[in-house]
Amino acid sequence: MAHIKVDEQLPGIRGLMDFRPLTAKPLNALADALLRTDEGLSKGERELIATFVSSLNDCFFCQNIHGAVAGYYHPEDEDLVDKVKRDYKNAPVTEKMKALLSIAANVQKGGKFVYEQQVEDARALGATDIEIHDTVLIAAAFCMFNRYVDGLGTFAPDNPGMYRERARKIVEETGYGGSSPK
Amino acid sequence: MSHIPLEEGVPGIRSLVMYRPDTGKPLYELAQVLLRDESPLSPAERELIATYVSHKNTCKFCASSHAAAARYLFDQESGVVDLVLDDYQSAPISDKLKALLTIAGRVQEDARTVSDEDVALARSFGANDRDIHDTVLIAATFCMFNRYVDGLATLTPTEDAAYAQMGERMGTIGYVLPQKPA
């Protein structure tokens, strides 16, 4: 049971967005601006960072929905998301992505954990300013989304098919802003 | 020195939203709705929750600027802000606000630790669903802002006067997306 009265048919953040549409609007706009662009990082890479941070925060709903979206963008390897969550340093992603995931991991601990050398290493592997910026903001944003979802004790189904279908709809049809919580 | 090139002399979040206005816009809209729109919590109380969480995350820029906004909004009772940061349980605030600060503190540490008892205690002092929702989302949102601001090592002014000026602006005009100087 969630800590506040939300529609129990709506899992995770969807119940919360239905409860308070006025805050849902900028939250969805932020997700669209951050995750649904290929400028610098691809959409698939952005969703991987979001999934990875949500997994560090142990947020079941967020890591499963964003894991399903990330999986949609990486049809060539259905285990990629799990490999990144388990051990990103040995996962089949670029060295630049590994460097950005290490920055994201430190943002998850706290902003001050990100250190100069870490940023320089990412740059040496080809990361641009905007990619570094977006990595930090995606990681920070998921430290918010995860806390919102878990802090209010929302429910999360464990049926993988639900997440896959919702992910397909987000990618192909609605984005985040255009998706109704219902 | 910030980790990416930002507008010279512009501090904290302002430099970041100038760098990437398309993510800045929803971030400022979120702050405005969450901290200024209609809520059972006053803007001063909401700024206090934001300050408390930022202080716990040791984000000097966010803690100092929101503390200044809270002092401005508490007006005659501005002294309450430092008393809360020192020890909120003994500060001259309502029992309801104390119980909500406990919830905010849990969200900052690990949102999964917000317990039914924490929520029941807040309710016993008159908190309703909206109080609880807004408290959790404010705490979660500042876990994002704090990480964003510190994760990119933005400029943090050290003089109190700089923050007092920011606090007055935040207390009067609220959160309006700053424009890059021409």
So, applying side-chain contact (heavy atoms from CB on, under 4.5 Å) with A/Pro181, which one of A/Ile13, A/Asp18, A/Val6 is it? A/Asp18
Under 4.5 Å from any heavy atom of chain A - which part of B/Thr113: neither
Assert top hit (heavy-atom pairs under 4.5 Å, partner chain A, pool B/Glu29, B/Met144, B/Arg147) equals B/Arg147
Non-hydrogen atoms of chain A under 4.5 Å away: do they reach the side chain of B/Asp37, the backbone, both or neither? side chain
Please flag which part of B/Phe142 lies under 4.5 Å from any non-hydrogen atom of chain A: side chain, backbone, both or neither. neither
Just so I understand: if I count every heavy-atom pair under 4.5 Å between each of B/Asp118, B/Thr135, B/Val119, B/Asp110 and chain A, which residue has the most? B/Val119
With salt bridge (Lys or Arg N to Asp or Glu O under 4.0 Å) as the criterion, how do A/Asp38 and A/Arg46 come out once you've worked through the C-alpha distance, each side chain's angles and the decisive distance to 0.1 Å? CA-CA 9 Å; A/Asp38 290 309; A/Arg46 292 163 188 273; 5.9 Å; no
Please confirm whether A/Phe145 and A/His66 have ring centers closer than 6.0 angstrom. no
Partner chain A: residue of B/Thr141, B/Val149, B/Asn128 with the largest heavy-atom pair count (under 4.5 Å): B/Thr141
What part of A/Val107 gets closer than 4.5 Å to chain B, counting heavy atoms only: side chain, backbone, both or neither? both
Could you go through B/Gln108 and B/Tyr52, starting from their C-alpha distance and side-chain angles, then the distance that decides it, and tell me whether this counts as side-chain hydrogen bond (donor to acceptor under 3.5 Å, both in side chains)? CA-CA 10 Å; B/Gln108 184 265 338; B/Tyr52 174 67; over 6 Å; no
Specify whether B/His133 and A/Phe19 have parallel, tilted or perpendicular ring planes, treating 30° as the upper limit for parallel and 60° as the lower limit for perpendicular. tilted
Top contributor to chain B contacts, counting heavy-atom pairs under 4.5 Å, from A/Ile132, A/Leu16, A/Asn146, A/Asp58: A/Asp58
Chain A contact via B/Glu38 - side chain, backbone, both or neither, heavy atoms under 4.5 Å: both
Checking heavy atoms, do the side chain of B/Arg130, its backbone, both or neither come under 4.5 Å from chain A? both
Short N-O contact, B/Asp82 and B/Arg71, less than 4.0 angstrom: yes
Distance in Å, A/Tyr176 OH paired with A/Asp32 CG, rounded so as to fall on 0.5 Å steps: 8.0 Å
Grab the two heavy atoms, one from B/Thr102 and one from B/Gln89, that are nearest each other, plus how far apart they are. OG1-NE2, 3.8 Å
Between A/Ile130 and chain B, with a heavy-atom cut-off of 4.5 Å, which part of the residue counts as in contact: side chain, backbone, both or neither? both
Measure A/Glu120 against the heavy atoms of chain B and call it side chain, backbone, both or neither at under 4.5 Å. neither
For A/Thr37, is it the side chain, the backbone, both, or neither that has a heavy atom closer than 4.5 Å to a heavy atom of chain B? side chain
Please flag which part of B/Gln32 lies under 4.5 Å from any non-hydrogen atom of chain A: side chain, backbone, both or neither. neither
With a 6.0 Å cut-off on ring centres, are B/Tyr163 and B/His66 close enough? no
Where on B/Val107 is there a heavy atom nearer than 4.5 Å to chain A: the side chain, the backbone, both, or neither? both
Name the member of B/Thr58, B/Asp134, B/Ile103 that forms the most heavy-atom pairs with chain A at distances under 4.5 Å. B/Thr58
Would you name the heavy atoms of B/Gly105 and B/Lys56 that are closest together and state the gap between them? O-NZ, 4.0 Å
